[in-house]
**Q** 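First the structure, which I've put down as structure tokens, then a few questions once you've had a look.
Heavy atoms only: backbone and side chains are in, while hydrogens, waters and symmetry mates are out. Just so it is clear: chains get the letters A, B, ... in the order the sequence lines come, proteins before strands, and each one is counted from 1.
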Amino acid sequence: MSDLIEGGAPAPAPAPRRDFIRELVADDVATGRFGRAPATRFPPEPNGFLHLGHAKSICLNFGIAQEFGGTCNLRFDDTNPATEDVRYVEAIKRDVQWLGFRWDGEFYASDYFERLYAIAEQLVTDGKAYVDDQDEEAIRTNRGTVTSPGTPSPWRDRSVAENLELLRRMRAGEFPDGSRVLRARIDMAHPNMVMRDPLLLRIRHAHHYRRGNDWCVYPLYDFAHGLSDAFEGITRSLCTLEFKDAKDIYDWLVEAAGFERPPVQVEFARLELDYTVLSKRKLLRLVEEGHVAGWDDPRMPTIAGLRRRGVRPEAIRAFAEVIGVARKDARVEIATFEHAVRDDLNMEVPRRLCVLNPLKVVLTNYPEGEVEWLDAPSYPHDVPKTGSRPMPFARELWVDRDDFMEEPAKKFHRLAPGREVRLRFGYLITCQEVVKDAEGRVVELRCTYDPATKSGQAPDGRKVPGTIHWVSAAHALDVEVRLVDRLFAQPDPDDVPEGQDFLSALNPASLVMIPHAKAEPSLAEDPVGSRYQFERTGYFYAEPEGSVGGKRVYNRIVGMRDSWAKEVRKG
RNA sequence: UGCCCCUUAGCUCAACUGGCAGAGCGUCUGACUCUGGAUCAGAAGGUUCCUGGUUCGAUCCCAGGAGGGGCAACCA
């Protein structure tokens, strides 16, 4: 991974947008419900990289803290030694910072193990928890089903003294993994399945990335999460809809532990985005099975991947803003994300010319060996930025193969035999002759230029319908371009036939390498990490890994909005 | 003995405690007239799932129905 850290500029407080959560928080402030400033937290488990779905949550939690003068903690929910790693906590911290947010407190659930254990003892003493000797299988079957009640464990009515002794011996490491668990004593017939005596502590003689081997009774999510919120004085604990049912146990625990004005969980819809997957489990598979080059592969919807691809944090924040937050599952179109990315880049980045699929053009009436340096503005008239660069113009040029049609379709305004077209920032040229090789493939266009049309304006006022990009063949930079596209070929990658999984929906053309694109020479001096619009083709990012074999590499961040493709579709 | 959530423009989604239903994308039209595959402006587009009730007034509250989703990991 590159060491280049850009972004990270503090996120400006966005215009207050009123979603139902902000309404609740505003109400908390007005009524003094919690007797303290709004406090939120972002609670990732360090078992993978953050993705766009987390970005939504980050913008929400940190955004609320900013807007209401409250605080937002970063808390690692690291209660499962099997899957977690420091490498992930480092990546997470970096990503949150890059997005432009600063946390107030940095906490780890693993630092709360002792405190949670003390509460466990208290619950036992209060008769609200017991040690269960059933094995995993028995616990599962005895939980019942959604339509039938569970059956109580034979160990459910042990004495407090016996429970306490067993719990202490569990902690002391006297029992093997899986032999016993601590359970809350609630109701084995509860209509909400999570309330059927939920598990609190399980035995794991495992190495934890922060605790080493010093701990062996690991809390489960339900036990750790709400209480961790309470320890930190969180007011609103924001989580996604699938935790809705967990709210009952959350409330039961903070109440049983005796917290005054405890945090209140509020659920919102997780983000689903077309043509990609937003699940750490699935992203992990893509990485581990080598379908992508890593967590930061530019095709990945991870923060690291988007950064590598060239997306700016401003665009991600703007995206989070437009999608909003609601209580209903929301599948967002990829066009909405791409629009946010273009919208951000449009006003920011300079324009350059780069020919992706080169076709030689020879200007037969242009003097051999002559070079003119044209002044090409870096920004269009409606972008309030100034600057320009010199562009060499000569007898031999490259234009894009797609900008020529031997038999032009209707509404095709570009080059064709006998057609005149404008070269951006340059002259009007007319195609006089098409040169083909033995296989009949077009290899060269012989054109004439009109010397009176320098800068693209015809003195006689004649209309030229098309403008195309070009670059001088003698001065062109040979660059590698990587066309990054959507990772999956269909909007919902999980919508596959029985017996197949999301991997069968991968887009085989998600990364198209163009090893020999031709770029204008001004690009030679620009630093790695620069962003451009290559006019008419898209937004590009100078690959932070640098050059490959001495050649510069550009990732396509996003293509231009494509109304020609639409025209083609219409026929 | 099941519990909980959701249904609003073509599409994807918003809409504080009941008071003229909004945005993006898409579509159409126009402008810039050197990105015509960019950008900008404007327009069209609604029986708020259905039935009934409460109310001066219902997308919102109540009852019933239809459809979609979440929950039965010693994951989070």
**Q** Are any side-chain N or O atoms of A:Trp398 and backbone N or O atoms of A:Val361, one a donor and one an acceptor, separated by less than 3.5 Å?
**A**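 Such a contact is absent between A:Trp398 side chain and A:Val361 backbone.
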
**Q** Check whether any side-chain nitrogen or oxygen of A:Thr467 sits under 4.0 Å from OP1 or OP2 of B:rG36, and answer yes or no.
**A**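 Checking A:Thr467 against B:rG36: at least one side-chain N or O falls below 4.0 Å of OP1 or OP2.
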
**Q** Check whether any side-chain N or O of A:Arg536 sits under 4.0 Å from OP1 or OP2 of B:rG36, and answer yes or no.
**A**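 So the side-chain polar atoms of A:Arg536 do come within 4.0 Å of the phosphate oxygens OP1 or OP2 of B:rG36, strictly under.
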
**Q** Does A:Val25 offer a backbone N or O that forms a donor-acceptor pair with the side chain of A:Arg33 under 3.5 Å?
**A**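 Looks like no, no N/O pair under 3.5 Å.
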
**Q** Under 4.0 Å between a side-chain N or O of A:His413 and OP1 or OP2 of B:rG36?
**A**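 The answer is no; no side-chain N or O of A:His413 sits under 4.0 Å from OP1 or OP2.
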
**Q** Tell me: CG of A:Asn346 to P of B:rU39, nearest whole Å?
**A**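 Distance check: A:Asn346 CG to B:rU39 P gives 6 Å.
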
**Q** What about A:Arg331: does its side chain form a donor-acceptor pair under 3.5 Å with the base of B:rU12?
**A**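 Between B:rU12 and A:Arg331, which were checked side chain against base, a qualifying N/O pair under 3.5 Å is absent.
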
**Q** List RNA chain B stems (3 or more consecutive Watson-Crick/G-U pairs, under 3.5 Å)?
**A**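 Output for stems: B:2-7 with B:66-71, B:10-13 with B:22-25, B:27-31 with B:39-43, B:49-53 with B:61-65.
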
**Q** List the residues meeting side-chain contact (heavy atoms from CB on, under 4.5 Å) with A:Val194, not counting sequence neighbours, and say none if there are none.
**A**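 Partners of A:Val194 under the side-chain contact (heavy atoms from CB on, under 4.5 Å) test: A:Asn192, A:Asp245, A:Ile249.
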
**Q** Ignoring hydrogens and geometry, is there a side-chain-to-backbone donor-acceptor pair from A:Asp78 to A:Ala109 under 3.5 Å?
**A**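 Such a contact is found between A:Asp78 side chain and A:Ala109 backbone.
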
**Q** Write down the distance between NZ (A:Lys328) and C1' (B:rU12), rounded to a whole number of angstrom.
**A**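 Computing the A:Lys328:NZ to B:rU12:C1' distance gives 9 Å.
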
**Q** Take the angle between the ring planes of A:Phe488 and A:Phe502 and call it parallel below 30°, perpendicular above 60°, tilted in between.
**A**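 Tilted, since the angle between the ring planes falls between 30° and 60°.
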
**Q** Relative to the 5' end of RNA chain B, which residue comes earlier, A:Val332 or A:Arg422, by the nucleotide with the nearest heavy atom?
**A**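 This one resolves to A:Val332.
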
**Q** Can you give one letter per nucleotide of nucleotides 71-76 of chain B, going 5' to 3': B for a protein heavy atom under 4.0 Å from the base, S for sugar-phosphate only, - for none?
**A** BBSBSB

**Q** Could you measure between the two P atoms, the one in B:rC13 and the one in B:rU7, and give it in whole Å?
**A**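 The answer is 11 Å between these two P atoms.
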
**Q** Is there a donor on the side chain of A:Arg414 or the base of B:rG36 sitting less than 3.5 Å from an acceptor on the other?
**A**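 Check fails, no donor-acceptor contact within cut-off.
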
**Q** Parallel, tilted or perpendicular for A:Phe534 and A:Tyr554, by the 30°/60° rule?
**A**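 A:Phe534 and A:Tyr554: perpendicular rings.
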
**Q** Classify the side chain of A:Glu23 and the base of B:rU17 as holding, or not holding, a donor-acceptor pair under 3.5 Å.
**A**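 A donor-acceptor contact between them is absent.
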
**Q** For B:rG26, does OP1 or OP2 lie under 4.0 Å from any side-chain N or O of A:Arg561?
**A**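 So the side-chain polar atoms of A:Arg561 do come within 4.0 Å of the phosphate oxygens OP1 or OP2 of B:rG26, strictly under.
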
**Q** Once you round it to whole Å, what is the distance between P of B:rC13 and CG of A:Asp19?
**A**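 For the pair A:Asp19 CG and B:rC13 P, the rounded distance is 17 Å.
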
**Q** Any ion pair linking A:Glu232 and A:Arg75 (charged N to carboxylate O, less than 4.0 Å)?
**A**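 Judged by the 4.0 Å cut-off on N to carboxylate O distance, A:Arg75 and A:Glu232 do form a salt bridge.
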
**Q** Atom CG of A:Leu415 to atom C1' of B:rG36: distance rounded to whole Å?
**A**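 Those two atoms, CG and C1', are 15 Å apart.
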
**Q** Distance under 6.0 Å and angle within 45° of the ring axis: does A:Arg210 meet both against A:Tyr108?
**A**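 Checked: cation-pi criterion met.
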
**Q** Anything under 30° is parallel, anything over 60° is perpendicular, the rest tilted; go ahead and classify A:Trp295 against A:Tyr88.
**A**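 Perpendicular.
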
